[in-house]
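Only one structure is covered here, and it is reproduced in the block below.
Values below: every heavy atom of this structure, side chains too, minus hydrogens, waters and symmetry copies. Count residues from 1 along the sequence.
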Amino acid sequence: MQKDNKKQVVEDLIKKIVENPNISDNYLKLASIYMSDNEYDLAISVYESLINIEKSNFLALMNLGNIYFYKNEFQKAVNYYSRTITLGIENNTIYYNLGNALAELGEFKQAMSNYIKALNLEPNNDKIYAAIGLLYQDQLNYEEAIKYYIKALDLNNSDESNYINLSLALMQTGENSKAIEYFNQALKMSPDNVKYLLFIANAYSANKEYNNANKTFEKILELEPNYYQAYLCYAISKFEQTLIQDSIELYNKAINLFPEITNAYVLLANLYFSEKKYENACELYIKAIQLEPSEPSIYTLLGNTYVMMKDLRSAISIYKQALDIDTNNDELKLIYIEIVQEFIKNKKEQENTNVA
């Protein structure tokens with residue numbers, strides 16, 4: 001639909017609604033146009049106006065649930081999907097969508113209940129099995145997740161996501177060789193998909209197939225030279241290969257490409273810490289804190305580094321800043337108290353030595 005024509009259609013529909021507000025079809029047509037233009041707030045307004053005059057309109061309730069899900073307002077999505085179900089219409093999509101929204105809210109049992117209802121209505125729907133797999137994976141129950149991913153793949157072996165989901169779960173259980181097989185199946189469908197290539201590169205690295213890992217990482221960076229996450233994963237792999245300088249160079253490339261993102265600073269600092277290059281680590285942790293001053297874990301890492309440098313005064317100051325942000329971190333409180341006590345003890349010992 002041409003822009004001018006669409007504008008006229010919208011104006012005509014609004015006029016019709018004003019003149020006769022009881023015709024639901026006009027609301028649905030208007031909301032549909034807004035949705036096609038990603039004008040979700042306008043679509044919400046139209047659907048809600050329709051519900052005010054027709055509380056049981058299935059499409060309005062369903063689409064409101066879909067919009068709020070898309071907007072990550074999952075509780076509102078649950079509310080509208082639940083209202084749709086009360087209409088008594090047996091539809092697997094409603095239960096599936098409600099299950100997805102409940103899963104996002106961390107409501108495992110309720111989400112599972114709705115997925116099972118969806119399966120009862122459509123037992124051969126691979127997306128529902130995949131969703132249940134994701135639900136188990138969120139619970140870190142990878143064995144159960146794998147069972148459902150396999151079922152999803154059995155039902156639909158042309159959907160790349162079914163191969164990817166299964167592969168990622170297999171990696172979590174240490175079955176890297178199997179994961180590589182399924183990743184390769186997905187890659188046959190999309191051979192230049194850099195996301196899939198990164199998955200398989202990580203799987204090769206986890207399986208200590210470093211030649212294949214390195215070749216795949218290089219291919220990724222040829223296809224997408226600014227792929228930040230690929231530099232980080234490649235650097236981690238190089239470190240595992242004890243190629244420390246290569247790892248450092250890759251982290252620095254990531255930092256140069258995206259100097260405003262903290263991940264590479266922290267990972268490179270961790271590398272220097274492991275190599276006992278504490279001053280280098282401190283410098284990078286401080287830069288990361290400047291970029292992300294509200295992240296307590298970085299302060300803690302910096303504090304740990306000061307402890308290794310035997311600079312307890314600086315460690316105490318940094319741990320205190322971390323606790324000011326993360327006030328309920330009991331483990332950090334114990335570390336802080338221990339370091340304070342050690343600092344006091346050292347100071348007293350030094351004073352006694354000076355007196356003597």
So does [Y] get a backbone contact from the side chain of [X], meaning a donor-acceptor N/O pair under 3.5 Å?
X	Y	answer
Asp326	Ala322	no
Ser317	Arg313	no
Tyr265	Glu283	no
Asn156	Ser158	yes
Glu295	Ser297	yes
Ser190	Ala186	no
Thr327	Leu323	no
Tyr27	Pro21	yes
Asn252	Ile248	yes
Tyr149	Leu134	yes

>> Evaluate Phe217 against Asn202 for side chain to side chain contact (heavy atoms under 4.5 Å, CB included), listing each step before the verdict.
In response: CA-CA 9 Å; Phe217 280 123; Asn202 288 333; 3.6 Å; yes
Could you tell me if the side chain of [Y] sits less than 4.5 Å from the side chain of [X], heavy atoms only?
X	Y	result
Leu291	Lys287	no
Lys333	Asn329	no
Glu209	Ile180	yes
Phe273	Tyr278	yes

> Asn214 and Lys238: side chain to side chain contact (heavy atoms under 4.5 Å, CB included), yes or no, with the steps?
Replying inline: CA-CA 8 Å; Asn214 294 341; Lys238 287 288 189 179; 4.0 Å; yes
> Ring centres of Tyr336 and Tyr319 under 6.0 Å apart?
Replying inline: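 Centroid distance Tyr336-Tyr319: not below 6.0 Å, so no.
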>> Looking only at the aromatic ring of each residue, does the gap between the centers of Tyr204 and Tyr210 stay below 6.0 angstrom?
In response: no
> Does NZ or CZ of Lys151 lie under 6.0 Å from the centre of the six-membered ring of Tyr129, at an angle within 45° of the ring axis?
Replying inline: yes
>> Which label fits Phe74 and Phe69: parallel for a plane angle under 30°, tilted from 30 to 60°, or perpendicular past 60°?
In response: perpendicular
> Can you get from Leu312 to Met309 by hopping between Ile, Leu, Val, Met, Phe, Trp and Tyr side chains that sit under 4.5 Å apart?
Replying inline: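 No, because Leu312 and Met309 fall into different hydrophobic clusters, even though each may have its own neighbours under 4.5 Å.
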